[in-house]
Amino acid sequence: MKNTLLNRKTIFSKARRIVVKVGSAVLTSSDQGLDQDRIERLAADVSTIMGQGRQVILVSSGAIAAGLAKLGLKKTRGMPLSLKQAAASIGQSSLMWMYEKTFGAHGHKVAQVLLTREDLSNRTRFLNARNTLQTLLDYGVVPVINENDTVSVDEIKFGDNDNLSGMVVHLTDADLLVILSDIDGLYTADPKFDPSAELIPLVEKITAEIERGAGDAQSAVGTGGMRSKIITAKKVGAYGAPLVIVNGKKNGVLPALFEGKEVGTLFLPKPVKQDSRKHWIAYTVTSAGRLVIDDGGREALVNKGKSLLPGGIVKVEGNFKIGDCVTCVDRAGAAFARGLVKYSASELELIKGLKTSQISSVLGHKDYDEVIHRDDMVIL
Ligand code: GLU
């Protein structure tokens, strides 16, 4: 217990740049749309921690829920995507207006930033977004980020705002991710069904058991469940940032956290922070295809630190271009690496299984020996 408190105290007192993710279930009250009182409390709590010299980036859901309430509708399974997208565009402006007012009351300016997965998957756009956010923070403005739902269809979505907030930690090089949920944290069982369920205050390592136990429980309005929060904890943990899940419906929970109080569930990060570009390859960029690698090739990549050569490739899947990210899988289909390719799918189709000395006679050119250079590869 002593160690837990010690860890907490240092993590929270040292954190300067914080991503705060707030879910729809916290911001909206059943079918009434946005809960103004809750948002006022949130603005007050964020202002308190900003007053301690911290920078806050808000990742806010609630657009779809707010928009649907305005239309007099409830979110249902199977609701057409275009209706959710229309609701998002109605709700997003209400959401921003509410933040504008409530943060303004504390002397803070806010800025709307809508992102799509494609924006972060493209390295140039990723770096542009990073510069914009940095400038907003330099001017003391609170960026309010959401997914650009009106143009995102399911296949290209972040999935949910838990995932988006994890990517924002990397994008802004933040020290900590706080997820404001409608539950106190991670429990040993689902507290809605099991009265003996206990809150887990600290997760030092995300084991398979923790992942399995998390379940997919979702609220009526949110998209993510506990599982998506745990996957996010893993992602930000690899980037050296801790994640804490707390109950955003409780007033003063943010200031309490930074006073070192033991609330919520804290996930400790990995001791060694992954390089930013490698983290982007591992977690942010979308994979455009798969390469099935034979056992010798897999061994060379995973245990010998080698680059991927054409000889190890058994099968090419997808229609990717030079520079795209692909996933390397073994013959059983298990993914073990990701990396940026130096040859396109159609070129690889011709040179797979061949020696590097054969590349130029088959393709008529040879720009590289490697298909994926070690520097552009991450072992998963
Ligand atoms: N972007 C969605 C919204 O603002 C929320 C997605 C989520 O809750 O994960 O309504």
Side-chain angles (χ1 to χ4, degrees), residues 19-36 38-39 42 57-77 79-100 110-120 129 142-169 171 177-183 214-233 235-236 243 245-249:
V19 176
V20 176
K21 184 258 169 179
V22 51
S24 303
V26 174
L27 295 170
T28 55
S29 51
S30 51
D31 44 1
Q32 301 295 309
L34 294 173
D35 177 345
Q36 178 153 349
R38 174 63 33 227
I39 297 177
L42 173 67
I57 301 116
L58 208 58
V59 174
S60 176
S61 305
I64 297 175
L68 288 176
K70 278 202 149 178
L71 293 174
L73 299 172
K74 276 194 177 163
K75 191 171 174 184
T76 52
R77 256 178 208 282
M79 173 173 270
L81 178 65
S82 57
L83 180 54
K84 279 194 263 175
Q85 291 178 311
S89 74
I90 298 167
Q92 183 64 29
S93 62
S94 309
L95 194 60
M96 283 316 294
W97 183 66
M98 202 76 100
Y99 283 129
E100 187 88 50
V110 295
Q112 168 178 277
V113 180
L114 297 179
L115 294 173
T116 62
R117 196 176 170 137
E118 267 182 313
D119 295 328
L120 301 189
V142 181
V144 181
I145 303 181
N146 197 357
E147 178 155 15
N148 193 352
D149 288 309
T150 24
V151 295
S152 299
V153 287
D154 281 349
E155 311 80 76
I156 56 155
K157 276 181 90 64
F158 287 107
D160 55 64
N161 275 4
D162 295 324
N163 184 26
L164 171 61
S165 65
M167 292 192 186
V168 170
V169 166
L171 187 64
L177 172 58
V178 181
I179 294 192
L180 299 178
S181 182
D182 59 347
I183 184 166
D216 278 324
Q218 288 184 359
S219 66
V221 284
T223 324
M226 204 37 91
R227 195 190 303 276
S228 82
K229 292 173 180 47
I230 287 172
I231 293 171
T232 302
K235 233 180 252 186
V236 298
L243 176 149
I245 303 171
V246 288
N247 193 332
K249 292 211 159 202

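Read the numbers this way: they start at 1 and go in the same order the structure lists the ligands and their atoms.
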Discussion item. Evaluate A65 for polar contact with ligand 1, using N/O atom pairs at a separation under 3.5 Å.
Written reply: no
Item to complete: Please identify which atoms of ligand 1 are closer than 4.0 Å to at least one heavy atom of D160.
Response: 9 (O)
Discussion item. At less than 4.0 angstrom from any non-hydrogen atom of S61, what atoms of ligand 1 do you find?
Written reply: 4 (O), 5 (C), 7 (C), 8 (O)
Worksheet, complete the sentence: Partner of K21 under side chain to side chain donor-acceptor pair (under 3.5 Å), picked from N161, D162, D160, is D162
Worksheet item: Backbone, side chain, both or neither: what part of N146 comes under 4.0 angstrom of ligand 1, heavy atoms only?
Response: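 Contact part for N146 vs ligand 1: side chain (C-beta onward).
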Worksheet item: What part of D149, side chain from CB on, backbone N/CA/C/O, both or neither, has a heavy atom under 4.0 Å from ligand 1?
Response: side chain
Discussion item. Tell me the closest heavy-atom pair linking S60 and N146, and the distance in Å.
Written reply: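 Nearest heavy atoms, S60 then N146: O-CG, 3.1 Å.
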Worksheet item: Where the side chain of Q112 meets the backbone of V144, is there a donor-acceptor pair that is under 3.5 Å apart?
Response: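 Judged by distance alone, no pair lies under 3.5 Å.
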Worksheet item: Are any side-chain N or O atoms of K249 and backbone N or O atoms of R38, one a donor and one an acceptor, separated by less than 3.5 Å?
Response: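 Judged by distance alone, no pair lies under 3.5 Å.
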Fill in: Whether G62 lies under 4.0 Å from ligand 1, heavy atom
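Yes, G62 has heavy atoms under 4.0 Å from ligand 1.
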Item to complete: Scan side-chain atoms only and decide if K229 and S181 contain a donor-acceptor pair under the 3.5 Å cut-off.
Response: no
